[in-house]
Amino acid sequence: FTAADGLPDNIVQSVSFDRTNQNIVWLAFENGCAGMFDLNTHQYVSTYCGELPVKQILALEQEVWLAGNEAVIVLNRTGMQVKNKMTASGLLQMAADAEANIWLLQNTSLKRTIGEQVETVITLEPGEAESVHDLIVSKTGRYWVTTKSGVAFYENGAKGFVKRNITLPLHQNSEVT
């Protein structure tokens with residue numbers, strides 16, 4: 001599917017499965033548009049077009065989060081109106097946990113939202129975040145990152161969040177939980 005088929009742009013930056021309807025995926029485009037794509041009917045419905053080049057999209061039950069390099073826009077799913085716009089300088093990755101808190105990986109920190117509040121969970125070493133390729137949140141509450149040098153996770157312990165590096169053998173498959 002391309003712009004010739006009704007998409008607002010040919011460059012899809014991010015895809016997110018809908019948490020309420022397994023037949024819907026949300027697409028974010030480089031030109032700042034975002035919308036729903038029905039996997040059954042192959043129909044695209046544009047829900048937002050703004051000035052923000054969208055790098056990532058997260059579709060939650062009540063909200064849709066759009067992230068660019070310098071800002072995050074939160075859309076209310078009812079009417080798709082802008083609910084909140086936050087400056088997020090140096091934003092690299094975004095992920096949602098089971099409680100629908102959003103985790104933001106920036107150049108210098110890992111932050112999370114709790115309701116309308118944003119708190120810094122970890123301050124990163126200089127240059128540490130630039131090597132991160134992806135951020136995911138597991139069901140066990142670990143926050144996994146993939147980097148140029150391997151895999152690591154952060155977990156909440158007695159002394160706050162602690163980073164654990166994982167060394168994977170290069171010659172065999174391993175299960176990571």
Side-chain angles (χ1 to χ4, degrees), residues 1-122 124 127-137 143-148:
F1 294 91
T2 66
D5 300 307
L7 296 180
D9 193 358
N10 285 333
I11 302 172
V12 178
Q13 295 285 64
S14 181
V15 176
S16 177
F17 279 98
D18 192 280
R19 288 195 176 193
T20 61
N21 183 340
Q22 66 183 2
N23 296 316
I24 300 289
V25 293
W26 290 79
L27 305 174
F29 299 89
E30 184 179 64
N31 69 356
C33 292
M36 298 180 293
F37 186 79
D38 188 311
L39 297 173
N40 289 331
T41 64
H42 301 148
Q43 295 294 312
Y44 174 79
V45 177
S46 181
T47 56
Y48 176 83
C49 276
E51 75 286 351
L52 175 72
V54 181
K55 283 178 43 178
Q56 196 171 4
I57 188 168
L58 290 175
L60 306 177
E61 289 181 16
Q62 303 297 321
E63 303 165 331
V64 175
W65 288 65
L66 305 173
N69 288 331
E70 302 296 324
V72 174
I73 293 176
V74 183
L75 302 173
N76 185 326
R77 284 190 59 157
T78 306
M80 298 308 291
Q81 300 299 314
V82 175
K83 180 179 175 180
N84 194 359
K85 183 174 181 178
M86 298 176 258
T87 300
S89 180
L91 184 67
L92 301 171
Q93 294 288 329
M94 182 172 65
D97 64 21
E99 289 80 33
N101 298 314
I102 303 298
W103 290 77
L104 306 169
L105 180 68
Q106 293 177 275
N107 288 336
T108 59
S109 62
L110 178 62
K111 297 180 179 182
R112 76 172 157 196
T113 64
I114 298 177
E116 299 292 323
Q117 303 298 314
V118 178
E119 68 175 0
T120 298
V121 175
I122 300 167
L124 301 171
E128 184 177 359
E130 283 83 10
S131 69
V132 172
H133 297 291
D134 203 3
L135 166 70
I136 61 169
V137 183
Y143 304 90
W144 291 87
V145 293
T146 59
T147 69
K148 294 176 187 174

- line: Residues at least two apart in sequence or cross-chain that pass salt bridge (Lys or Arg N to Asp or Glu O under 4.0 Å) with R19, listed by chain then number, are none
Which atom names give the shortest non-hydrogen contact between [X] and [Y], and what distance separates them?
X    : Y   : value
Q56  : A28 : C-CB, 4.5 Å
I102 : A96 : CD1-CB, 3.9 Å
R77  : D18 : NH2-OD2, 2.9 Å

Can I get a per-line list of side-chain donor-acceptor pairs under 3.5 Å for residues 9-17, giving both atom names and the distance, sequence neighbours left out?
from	atom 1	to	atom 2	distance (Å)
D9	OD1	I11	N	3.4
D9	OD2	N31	N	3.3
N10	OD1	A3	N	2.6
S14	OG	I57	N	3.1
S16	OG	A59	N	3.1

Listed partners of [X] passing side chain to side chain donor-acceptor pair (under 3.5 Å), at least two apart:
X    : answer
E63  : W65, K83
E119 : R112
D97  : N101, W103

[X] [atom1] to [Y] [atom2] distance, which is reported to the nearest 0.5 Å:
X   : Y    : atom1 : atom2 : answer
Q93 : L104 : CD    : CG    : 11.0 Å
L60 : L75  : CG    : CG    : 11.0 Å
D5  : Q43  : CG    : CD    : 10.5 Å
M36 : N23  : CE    : CG    : 12.5 Å
L39 : I24  : CG    : CD1   : 7.0 Å

query: Restricting to pairs with a member in residues 33-60, which pass ring-ring contact (aromatic ring centres under 6.0 Å, His included), not counting sequence neighbours?
result: F1-F37, F1-H42, F29-Y44
message: Using side-chain heavy atoms (C-beta onward) and a distance below 4.5 Å, is V82 in contact with V74?
response: no
Which residue pairs pass the disulfide bond (SG atoms under 2.5 Å apart) test with at least one member in [range], sequence neighbours excluded?
range           : answer
residues 56-119 : none
residues 14-82  : C33-C49
residues 68-109 : none
residues 91-122 : none

